[in-house]
Amino acid sequence: MGPMRERSPDGSYGRIFAVVRRIPRGRVATYGQVAQLAGLAGHARQVGYALHALGAESPVPWHRVINARGGVSPRSLPGWERVQRDLLEREGVRFDERGCVALDHYRWRPRRSPISVAGGAR
DNA sequence: GCAATGACGCTCT
DNA sequence: CAGAGCGCCATTG
């Protein structure tokens with residue numbers, strides 16, 4: 001009960017991980033979308049922070065999460081962008097010359113939100 | 001306990 | 001159409 005904020009790797013972040021884990025192969029979702037589906041609308045930044053805490057070898061398909069521009073966010077380590085891009089391309093996601101994917105085509109559209117749709121919002 | 005940073009998003013100019 | 005600024009919250013030093 002209590003004041004346990006659940007800061008463990010499977011705690012409040014688990015909500016975000018649960019959403020990311022639901023992203024089907026060959027599909028992508030934006031940080032803001034994941035945040036909204038996790039019930040943290042507007043906290044897109046926290047999604048990125050949570051994924052960063054996960055690690056590249058995490059069981060969560062972090063590579064399926066991209067920014068609203070449809071591209072992979074620049075990371076501290078050079079070349080990492082290529083890794084995420086390669087993982088997505090391996091799933092069938094194609095990038096254009098700008099290094100962006102067509103969100104209108106690859107964006108994951110869950111029929112049922114992980115959290116209550118609150119009266120069929122959307 | 002305060003200050004700065006960060007795998008973002010949206011609006012304004 | 002492109003660039004810059006502000007907002008949001010959690011983690012780290």
Side-chain angles (χ1 to χ4, degrees):
Chain A
M1 24 194 258
M4 224 179 228
R5 283 300 152 90
E6 300 168 305
R7 20 197 179 132
S8 34
D10 295 277
S12 53
Y13 280 172
R15 215 175 323 225
I16 295 172
F17 301 149
V19 174
V20 177
R21 209 176 277 204
R22 284 174 112 154
I23 303 174
R25 181 175 168 282
R27 238 27 157 192
V28 296
T30 64
Y31 293 96
Q33 182 181 357
V34 173
Q36 187 172 17
L37 291 172
L40 301 172
H43 303 181
R45 249 179 173 184
Q46 262 41 48
V47 175
Y49 207 90
L51 293 176
H52 176 73
L54 263 174
E57 299 179 9
S58 163
V60 179
W62 56 269
H63 60 273
R64 290 176 192 153
V65 182
I66 58 178
N67 58 40
R69 299 183 299 184
V72 299
S73 230
R75 245 204 95 295
S76 302
L77 294 174
W80 205 248
E81 179 186 338
R82 179 70 209 191
V83 175
Q84 184 170 359
R85 177 171 174 172
D86 182 53
L87 286 169
L88 288 175
E89 286 183 324
R90 192 175 288 181
E91 295 186 350
V93 179
R94 302 233 185 152
F95 286 74
D96 56 14
E97 304 88 23
R98 300 184 312 173
C100 297
V101 307
L103 288 175
D104 294 319
H105 185 72
Y106 293 105
R107 188 181 288 231
W108 174 45
R109 294 184 178 180
R111 285 150 103 252
R112 286 209 241 132
S113 303
I115 56 173
S116 11
V117 275
R122 185 329 196 66

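Keep in mind that this is a model prediction, so the values were computed, not measured. Lettering of chains follows the sequences in order, A, B, ..., and the numbering in each one begins at 1.
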Any residue meeting side chain to side chain contact (heavy atoms under 4.5 Å, CB included) with [X], in chain and number order, not counting sequence neighbours:
X	result
A:P24	A:R27, A:W108
A:E91	A:R25, A:H63, A:R64, A:L88
A:R82	A:R85, A:E89

What is the separation between atom [atom1] on [X] and atom [atom2] on [N], rounded to the nearest whole Å?
X	N	atom1	atom2	value
A:F17	C:dA10	CZ	C1'	12 Å
A:L40	B:dG9	CG	C1'	15 Å
A:Q36	B:dG9	CD	P	12 Å

Task: Minimum-distance pair of heavy atoms, taken over all atoms of A:W62 and A:L87 - done: CZ2-CD1, 4.1 Å
Just the table, please: protein N/O against nucleotides 5-7 of chain B N/O, every pair under 3.5 Å.
residue : atom : partner : partner atom : Å
B:dG6   : O6   : A:R45   : NH1          : 3.2
B:dG6   : N2   : A:Q46   : NE2          : 3.1
B:dA7   : N7   : A:H52   : N            : 3.1
B:dA7   : N7   : A:H52   : ND1          : 3.4
B:dA7   : N6   : A:L51   : O            : 3.0
B:dA7   : N3   : A:Y31   : OH           : 3.2

For nucleotides 3-5 of chain C, tabulate all protein N/O to nucleotide N/O atom pairs closer than 3.5 Å, reporting atom names and distance.
none

Considering only distance and modelled atom types, tabulate donor-acceptor pairs under 3.5 Å from the side chains of residues 92-104 of chain A, sequence neighbours left out.
residue : atom : partner : partner atom : Å
A:D96   : OD1  : A:R98   : N            : 3.1
A:D96   : OD1  : A:G99   : N            : 3.0
A:D96   : OD1  : A:C100  : N            : 2.7

Open item on the list: Rounded at 0.5 Å granularity, tell me how far CZ in A:R107 sits from CD1 in A:I66.
Closed with: 8.5 Å
Task: Those residues that, when tested against A:R75, pass side-chain hydrogen bond (donor to acceptor under 3.5 Å, both in side chains) (two or more places apart) - done: none
TODO: Select one nucleotide: of C:dC9, B:dG9, C:dA10, the one nearest the side-chain heavy atoms of A:N67.
DONE: B:dG9
Would you be so kind as to tabulate the donor-acceptor pairs closer than 3.5 Å made by side chains of residues 37-53 of chain A, with sequence neighbours excluded?
none

